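A quick write-up on the structure given underneath.
Order of the sequence lines fixes the chain letters, A, B, ..., with proteins taken first and strands second; residue numbering starts at 1 for each chain. For clarity, every value in this text was computed on a predicted model and none was experimentally measured.
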Number of protein chains: 6
Amino acid sequence: MSDPPSLPEILYDDVVRRALAEDLGRAGDLTTDAIVPASLEARAALVARESGRIAGLEAALHAFRLLDPSVRVEVRLGDGCDAPADATVARVEGRARSILTAARTALYVLGRQSGIATAARDMVARLEGLQTRVVGTRKTTPGLRVLEKYALRVGGAGSHRYGLDDAVLVKDNHVALAGGVGEAVRRARDGAGHLVKLEVEVDTLEQLDQALGAGVDAVLLDNMDLETLREAVRRCRGRALTEASGGIRADNVRAVAATGVDLVSIGWLTHSAPALDVALDVEG
Amino acid sequence: MSDPPSLPEILYDDVVRRALAEDLGRAGDLTTDAIVPASLEARAALVARESGRIAGLEAALHAFRLLDPSVRVEVRLGDGCDAPADATVARVEGRARSILTAARTALYVLGRQSGIATAARDMVARLEGLQTRVVGTRKTTPGLRVLEKYALRVGGAGSHRYGLDDAVLVKDNHVALAGGVGEAVRRARDGAGHLVKLEVEVDTLEQLDQALGAGVDAVLLDNMDLETLREAVRRCRGRALTEASGGIRADNVRAVAATGVDLVSIGWLTHSAPALDVALDVEG
Amino acid sequence: MSDPPSLPEILYDDVVRRALAEDLGRAGDLTTDAIVPASLEARAALVARESGRIAGLEAALHAFRLLDPSVRVEVRLGDGCDAPADATVARVEGRARSILTAARTALYVLGRQSGIATAARDMVARLEGLQTRVVGTRKTTPGLRVLEKYALRVGGAGSHRYGLDDAVLVKDNHVALAGGVGEAVRRARDGAGHLVKLEVEVDTLEQLDQALGAGVDAVLLDNMDLETLREAVRRCRGRALTEASGGIRADNVRAVAATGVDLVSIGWLTHSAPALDVALDVEG
Amino acid sequence: MSDPPSLPEILYDDVVRRALAEDLGRAGDLTTDAIVPASLEARAALVARESGRIAGLEAALHAFRLLDPSVRVEVRLGDGCDAPADATVARVEGRARSILTAARTALYVLGRQSGIATAARDMVARLEGLQTRVVGTRKTTPGLRVLEKYALRVGGAGSHRYGLDDAVLVKDNHVALAGGVGEAVRRARDGAGHLVKLEVEVDTLEQLDQALGAGVDAVLLDNMDLETLREAVRRCRGRALTEASGGIRADNVRAVAATGVDLVSIGWLTHSAPALDVALDVEG
Amino acid sequence: MSDPPSLPEILYDDVVRRALAEDLGRAGDLTTDAIVPASLEARAALVARESGRIAGLEAALHAFRLLDPSVRVEVRLGDGCDAPADATVARVEGRARSILTAARTALYVLGRQSGIATAARDMVARLEGLQTRVVGTRKTTPGLRVLEKYALRVGGAGSHRYGLDDAVLVKDNHVALAGGVGEAVRRARDGAGHLVKLEVEVDTLEQLDQALGAGVDAVLLDNMDLETLREAVRRCRGRALTEASGGIRADNVRAVAATGVDLVSIGWLTHSAPALDVALDVEG
Amino acid sequence: MSDPPSLPEILYDDVVRRALAEDLGRAGDLTTDAIVPASLEARAALVARESGRIAGLEAALHAFRLLDPSVRVEVRLGDGCDAPADATVARVEGRARSILTAARTALYVLGRQSGIATAARDMVARLEGLQTRVVGTRKTTPGLRVLEKYALRVGGAGSHRYGLDDAVLVKDNHVALAGGVGEAVRRARDGAGHLVKLEVEVDTLEQLDQALGAGVDAVLLDNMDLETLREAVRRCRGRALTEASGGIRADNVRAVAATGVDLVSIGWLTHSAPALDVALDVEG
């Protein structure tokens, strides 16, 4: 993948700063300060212990620079690169104390974002040749949404919504309080303006017909079996985008996509993808 | 479990505030504002869909109160309680808009902390009758360390270190830069003061002997097989606390503990325990 | 207008807090502290000196509550109400010192948001009977975007974009760097995903044809005369939403809308609408 | 004008950071990221489309540097310079993405502060040959007071008060609560200390006499006609500074000043001066 | 003393919050949580162990309320009261855990501000019958200036300057860089405007004459002996306010004041006044 | 002393930033801006007017860099060095305005931390030849704990606790609420985990015996006379660390230590040590 989106420092500075601060506490790294002389210089490699797609490398390196602006960093495999196992993705060089003290924060950030990007990439790869796109959900870690949504994009997936404010998604609770899908959609159409897409979550074909009758841009087909999905896609053709959600993982994603849905929505990518195994090797 | 530790609002206010803010974005909940009248009141239950130990309930309810101070909350099963499946852990009542809009943030906080507490509780239960204690590690989510460490304690587990500043833990990189376990321990002993415990990570019995020779309060026995662990415990008796780490999960924790180690350290509890499945049911 | 959107305190707390803090400085209100006894109670009315649509009243009252939680407030004409001249929109009661000291901050917030809402309402009223909708732009005051966009909605107008991240708008600089409208649109379509609307700014009918040929959801027709606008609307029919911008004010908005454009975009509403004249009358 | 006051970055960093953050949202600049390659470099000029006095240029350029520290900037006409129409005031060079994404924030800051400085300069110029000085008021934009007061000074105007805490200004509400001008002044004199100037707002010559009788450093002559102003100045000579306020604009400022008042106070300079028209021209 | 100045919570909330947060760390009060049951209620008195003037009581009580909004507080001797030894200044009642955990923060705030107010009061009392006023300096604790300046006012003293921005004080370094007292004063007079008072620090009578010749509002007579002070006061009569500074303490303040200076400036009041001895007595 | 602990900028940035901001206020340094030309360069020395141990130099220099990143600094005697009287500890060079404006903040930080480090060093020196170590307490300035604890370490002293969360210290109020020393210790032992040291404050030998009987790691011997201390040390030998506290100053510290206590705890070091006299000499 070439040319990933930009993630300016201003969008992740706070989260790295907080992570570092909660690790340093009130006295800093007691162990390193006691053992490593202040003047000792070191060089270390950030290494991917397993293959995967790199994401969040600049944010990870920011941990070293925040702790000590004199640390030099060199990027070898930047965001969007596919690193083979044991590849060095970056080098850091400077005061040994600074390198050891910032390591845990840097590794967490890099491992977690790369884990998400790798999972997204692998999911996208399973749909090769199909038109269906993979998107994430709002189920992100508090405080880390910007980073995790970015990692999805680096992995080639899109995003359902960034927050409650950038699209209308009518869910069961809304339908219940409005007294029906039709009324809920009508109110949403009136209230939300012409430039925002309107999507409704439906569990059954009856609800789907009501939604289509009320006029929607997209439908979220929640937890339907493959046959129902196929029928839903048929009914929506030319009328609304279709998005499948609920229990979609690596082993069934292609079957779901093969029903013809436009999008598959996978919360697992952000809330449960395993971190990529990354390590810091001090080179002396 | 009775009388869990206190977690004052001042320690979690920021994280809930940030989570809510990143969900509200710049325009708030478009869907709910369009569909639900401003004056409509509702009542809803926070329900545990599966059994587990509750943790973080006050922080979860804080999301509703931050969004709308007029929402009333009623705790049914507070932190430290073991909720059966489908139990109502709390009720919220007030403006329907406020309840729907804060729901995702509240559910995330409750589900994640309860997931950690439940995993910790289950791990502790597997050691019944043994002296070994379960502890977590520093592998927590950036910005959430306070909440996740608290959830560990609610689950009956302890904590290895809260940060780099509250104990000395000599790791392989420190040993490498100091030129040996003995020298590293000597420097740590000199630099860190009388009131701080000194622990060293060792991979082999040779390293263990060097550490014991240099004088340490505790040893972290990393990735040792059961037989080596048993021998290590034997050599440490009366000389140092023993802590096992590396690949410890539910299916092997009792075997590890049966070697006689004082502590088992399990990073999985905070970085990968599955969230407890919780939901918000609007009751009309 | 009934049922305006919700604006939770969490979205405006910071801006009111900062406004108050910069007025209080390091010593608070020297004049009031010197002249008004600490124990003196007072009652005051927030009065609209001229008729207009009220917006930001809760944010304005927040200034009193932030300064002194014991101040009682009573809303008479809330957000979305059309206040006649000299109408009392709210009453505040409590320590006289607190009321005087917070007054300037409260009045600024109320006057500015109500000014925007009133201007938006008046612009919308001029289009009665037409399908064209009024929208604002990103030209908002730094730090106040949430409040100003909210005021637009209270006035019945919509919003073009909340920020750079919630829609794609291809402008002249993008076209220049991409080497043409067609190429710019193609890249935008590939990079931005299925759920985001794509709009292109065009100055001429030639550019419009290129944009339509490349496939866009909407076109921003910038600074076109009425005849060109009519022709542009004709070419877009059934192919793209049309949005007129550039120099649209009260005296020409109906003529522009009568060309058949779907939207008129008016930056003036947020960056230059005059504040509504509001005052605080102490009632003793 | 040479040697304007210093405005250290620490005094405007927050406001620029917030402005940028609210524009970037959670995903950054979707359009630019989709269209402009990450590696493309560009050069652009910040151009004054009309003539005016430059103010806030460093704060504007800070937007580019905050977004991307590798952007190079070159100041051509710094704060305090009078730029002719179409003059280039600064150049920026670096990643094209960074330049486009920060542009709106930078232009807003520069246009607004330069607009205030220009309006202040023009007002000052109208008083050439007179002793009267122009000052601004506390009617500034929430969160921007430091910048707007600075722009006034760059324009050659002074400042009435920076906040409630740096001078005593007795207004009608204070007089009402104290039961008269004399009593209000007496209390203010007792409470506020020797080093703070004491000014009283008066609407009539009777109130003026009471104020002078009670002993004040300055009087704010609010909304008086020219004749009354002249008489007020006569009565104050040698006893108190005189400051005229209320409805003073470009077309009447010299007549007001010619009455002999020491100061004219003009809220319009900060709350309604039109922004200077500035633009970013990408030079390829 | 009756009717001290107001100190709104918004001006001290941050400092109390930070103090509490740095004491709670990441795990809260381990000792109290382990020993005191969560449901135990207690009542405690804040007691002045020695006599003194109370200041900062609301800020101190804020520590309890920040930690636990359910704690009830009752003020007995508020800011500005003179408490005899062993007097109860306030009572707090609620969860025993909350009371113990917030105690240190509350006591620090109360003890320190009351210490400053008491020292100021005592200094003021020593000047009874004289016209000279006591003022503090800018030598305050970083982050605590607002509180410490407020404590001075509660003690009956005034304030020299709140910061670098609210008056002009020309010091030796300014004189050196300007090339003389006269030139420094001339520049200051031109640059700083009509509403700001201009004071110059002088060490000798020669410098004093230069300052008076250049025209100043006040002179800071630094480290002069009593005879020189008397002569300086004589030369300044009717021309400038006189302020003595340098080494003024309780035992010489009356002699200094008796020279006729208008103000004595005492940095010791904020940077070194001993804290008032206050304690928290749990009443069961 | 060589190799002091590291104090990363991230741990003191906030406090220096706040100190500078409260000094700059809303308009910056009026005096310097009026007198010193913007383009004038200067060089200045930070000089220790009396001998002492330097601490906090980087934090002090941070004030200059925060205000103006173009100021160059040169460290001559860094943290941990013992400066003779009149020694230059650092040089700063750059815009004269920046150097004068940041001076007060820098001097405060350097003087206060060096004062603490010097007092600690002197106290440690008095115990030469003894095994007793000097430690500080939690009685630090709100917001400055990190800096002040660091200064203690630079002075060769240790720290009792950094906060309520990093050790268990059972005090009189805990004992009272638990109903006795034994019960308090039992609960603390159960609740606080194996890795945390448990210390109990005792006033009498009876309490000491109860504490030892209950099993503790350390005892805080509060306000005991020398004879009682000696007896307490005798009883604790091999059973618990001993720490003396209460009224320990320079003139009695060696006598206290000679009783054989392991630690002497001295709150005076942080709350009342006199600042080191440091000054900024402009060199032209």
So [Y] and [X], do their side chains get closer than 4.5 Å, heavy atoms only?
X: Leu40(D); Y: Leu177(C); value: yes
X: Thr101(D); Y: Leu164(C); value: yes
X: Thr141(D); Y: Tyr108(C); value: yes
X: Pro142(C); Y: Arg17(D); value: no

His271(C) and Arg112(D): CA distance, side-chain angles, deciding distance, side-chain contact (heavy atoms from CB on, under 4.5 Å) verdict:
CA-CA 10 Å; His271(C) 66 63; Arg112(D) 176 134 184 78; over 6 Å; no

Can you name the nearest heavy-atom pair linking Ala178(D) to Ile35(C), along with the distance?
CB-CG2, 3.8 Å

Which atoms of Leu100(D) approach chain C - backbone, side chain, both or neither, heavy atom under 4.5 Å:
side chain

Sole residue of Arg138(D), Lys149(D), Arg145(D) in side chain to side chain contact (heavy atoms under 4.5 Å, CB included) with Glu22(C)
Arg145(D)

Result of checking Asn173(D), Val200(D), Val170(D) against Thr31(C) for side chain to side chain contact (heavy atoms under 4.5 Å, CB included):
Val170(D)

Need one label for [X]: side chain, backbone, both or neither, based on atoms under 4.5 Å from any heavy atom in chain D.
X: Thr32(C); value: both
X: Arg187(C); value: both
X: Ala176(C); value: neither

For the backbone of Asp29(C) and the side chain of Asp165(D), can you confirm whether one donor and one acceptor N or O come within less than 3.5 Å of each other?
no

Sort out for me which of Gly28(C), Gly25(C), Ala19(C) touches chain D most, counting heavy-atom pairs under 4.5 Å.
Gly28(C)

Using a 4.5 angstrom heavy-atom cutoff, name the option from Gly163(C), Ala21(C), Ala96(C), Pro37(C) with the most pairs to chain D.
Gly163(C)

Arg95(C) atom CZ, neighbour heavy-atom count above 12 within 6.0 Å
no

So which of His174(D), Arg186(D), Glu183(D) has the biggest tally of heavy-atom pairs under 4.5 Å with chain C?
His174(D)

